[in-house]
Amino acid sequence: MEPKWWHGKVAYQIYPKSFCDSNGDGIGDLKGIISKLDYLQALGIDILWLSPIYPSPFVDQGYDIADYENIEPLFGNLDDFDHLVAAAKERNIDVIMDLVANHCSDQHPWFKKACADLNSEEAGYFYFVKGKNGKVPNNLRSYFGGSVWDHIPGHEDEDIFYSHYFAKGQPDLNWYNPKLREQVYKFTNFWLQRGVKGFRVDAILSIVKDLSFPDLPPDDTDGMCHAANMNARNLHQIGPFLNELKAKTFTPADSFTVGEVLTVTPESVKDFAGANGYFSTLFDLSAREKVESFPHYRMFPNLLPDDFAQCVFDTQDLNQKVDAFVAPIIENHDEPRGLSYYMPDYLQNAVGAKTIATFLMGLRGIPFIYQGQEIGMTNTAFQSIDEFDDLYAKNEYRDMLEHGYTPEQAVASCARHGRDNARTPMLWDDSANAGFTTGKPWMRVHQDYKTLNVKNQFGVLGSTFSYYQDLIKLRKAPEYAHVFTYGSFERVMIDQGLIAYLRTDKETEQQLLVIINTRKDSCTYDLSALGDKRVCKHQPQVLISANEATLSVKADGVDGIINLGCGGAMIVAL
Ligand code: GLC
Ligand code: CA
């Protein structure tokens with residue numbers, strides 16, 4: 001694999017609205033982020049992804065952009081942004097932005113002009129489509145529920161609609177129009193010229209459409225079909241768009257890009273993230289995809305650690321086969337907390353936080369840590385629908401009531417599956433509002449903030465935070481960086497909560513075993529069970545471990561037995 005500047009890095013995602021508020025208005029901001037750069041440097045991260053900070057009406061929390069070349073006033077201004085990029089650089093941290101180019105906001109001047117004049121140039125930036133048989137053009141259901149079609153504002157009595165795969169306030173941009181594409185490249189380069197090192201690319205599969213707008217077979221009793229199914233059908237069309245985007249923006253700037261791409265197939269992963277892929281890497285969203293392949297919260301299955309590991313292992317294999325570099329995660333701003341979602345209930349705590357951290361940080365690729373994960377944040381105990389902000393959760397709540405569930409059941413489901421779990425304020429200390437703001441936070445604070453916070457963990461031996469620090473240090477230590485970055489991945493087992501994999505580097509003749517026990521009971525693992533998989537026969541050495549995990553080396557100095565308590569986790573050099 002040809003080395004790239006971003007190989008071997010560790011990335012961190014900030015959700016700006018909930019990270020740190022510097023002026024007491026209850027909303028996180030850029031100055032707040034700047035004040036925490038020392039914290040991020042201490043954690044050891046190299047790349048910082050900021051979820052959208054552009055001017056927005058916040059219908060979908062900033063993923064509805066009203067001006068692509070400016071900063072949302074609630075977050076600060078362009079000077080603050082330049083200051084943030086420079087201050088991060090001083091700490092060897094590169095900033096990447098969120099590129100949201102499938103849709104803009106209905107408050108963007110393009111959309112306003114388009115609605116005011118259906119023959120304007122801007123009207124061609126959108127999908128304005130005539131209805132069929134007195135109905136909307138097709139039966140696609142948007143990602144957040146309801147039809148993807150709505151009447152064009154100001155034209156409510158006419159038989160013409162605009163497409164929005166997400167919220168009503170997020171009209172889809174028409175990538176088939178070269179003028180629109182030029183606009184996208186312009187604003188992308190605007191940020192690259194300002195010192196941004198790359199992008200996380202939002203919802204990008206949705207840019208391909210079938211311009212005949214056919215119906216798809218319904219996937220629920222509402223007669224509709226989830227728009228994601230249309231993306232899967234149209235995937236083969238995306239190449240020319242993304243190659244052009246790459247050539248006109250990412251390549252000249254040597255940027256690092258990570259795609260939000262679901263429904264990757266073995267064939268497409270190479271095109272997306274192989275050596276000449278459209279992007280540097282793709283998130284591993286396979287576990288979430290498995291859950292979200294069901295159209296509604298009420299149908300979402302519960303995943304066990306084994307299911308999660310299965311998804312991750314499949315993704316590792318898939319990427320490795322085509323020399324692609326994946327970005328493993330346990331959570332992001334669209335998901336509940338990984339600790340609550342993928343760990344059994346007895347490990348949804350500080351013990352389990354280290355277990356899942358070990359599993360994640362040993363994987364092949366560029367791991368992303370989501371704010372609060374490094375202190376072991378769990379889901380928030382939401383009590384009523386009023387505590388939610390996310391329109392997706394609110395739609396699902398309504399859907400459950402319509403299907404005969406009680407309000408309590410519907411709230412419980414939103415609390416389990418909802419994206420707002422990731423969006424409650426970062427927990428800095430045990431003072432009011434967890435030190436996130438001196439004002440009233442825009443979103444309720446996690447119930448455990450008195451004990452679960454950065455202040456309790458920073459510099460504290462044995463804390464989740466310190467453990468993440470150690471894992472990152474280990475990954476980047478000169479002796480092990482090569483095997484962690486380029487070593488091959490091989491699954492060893494997924495056995496009722498006992499999970500293990502190998503990382504092997506032929507070049508440096510190194511081999512690592514990563515093993516976790518998510519069972520309630522302790523268990524042992526005899527290294528001799530590795531059989532032929534073990535290619536390095538040095539004296540085994542524990543590089544890091546947590547939760548009652550020990551290794552006893554046998555008399556031959558090569559074999560050994562690993563003992564793991566509940567949640568036990570270990571990385572061993574073989
Ligand atoms: C992506 C974002 C999500 C947003 C959606 C629409 O999935 O991660 O937060 O709601 O795109 O932009
Ligand atoms: Ca603020």
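For ligands, and for the atoms within them, numbers begin at 1 and follow the listed sequence.
- Residues of the protein with a heavy atom under 4.0 Å from ligand 1 are Asp60, Tyr63, His103, Phe144, Phe166, Gln170, Arg200, Asp202, Ala203, Glu260, His333, Asp334, Arg419, Arg423, listed by chain and number.
- Heavy atoms only, all atoms of each residue included: Ser35 and Cys20 are closest at OG-SG, 3.9 Å.
- For the ring pair (Phe, Tyr, Trp, His ring centres under 6.0 Å) with His417, the lone residue among Tyr392, Tyr297, Phe388 that qualifies is Tyr297.
- For the pair Leu363 and Pro328, the tightest heavy-atom approach, listed with the atom from each and the gap, is CD1-CB, 3.8 Å.
- Nearest heavy-atom pair across Phe75 and Pro52 is CE1-O, 3.6 Å.
- Nearby protein atoms of type N, O or S around the Ca ion (ligand 2) amount to 5 (distance under 3.0 Å).
- Taking every heavy atom of both residues into account, Asp25 and Leu74 meet most closely at OD2-CD2, 4.0 Å.
- Atom NZ of Lys89 sits in a crowded spot, with more than 12 heavy atoms from other residues, nucleotides or ligands closer than 6.0 Å.
- Using a 4.0 Å cut-off between charged nitrogen and carboxylate oxygen, Asp220 and Arg298 count as a salt-bridge pair.
- Considering all non-hydrogen atoms of both residues, Ile27 and Asp21 come closest at O-OD1, 3.0 Å.
- Donor-acceptor pairing under 3.5 Å is recorded for the side chains of Glu244 and Tyr185.
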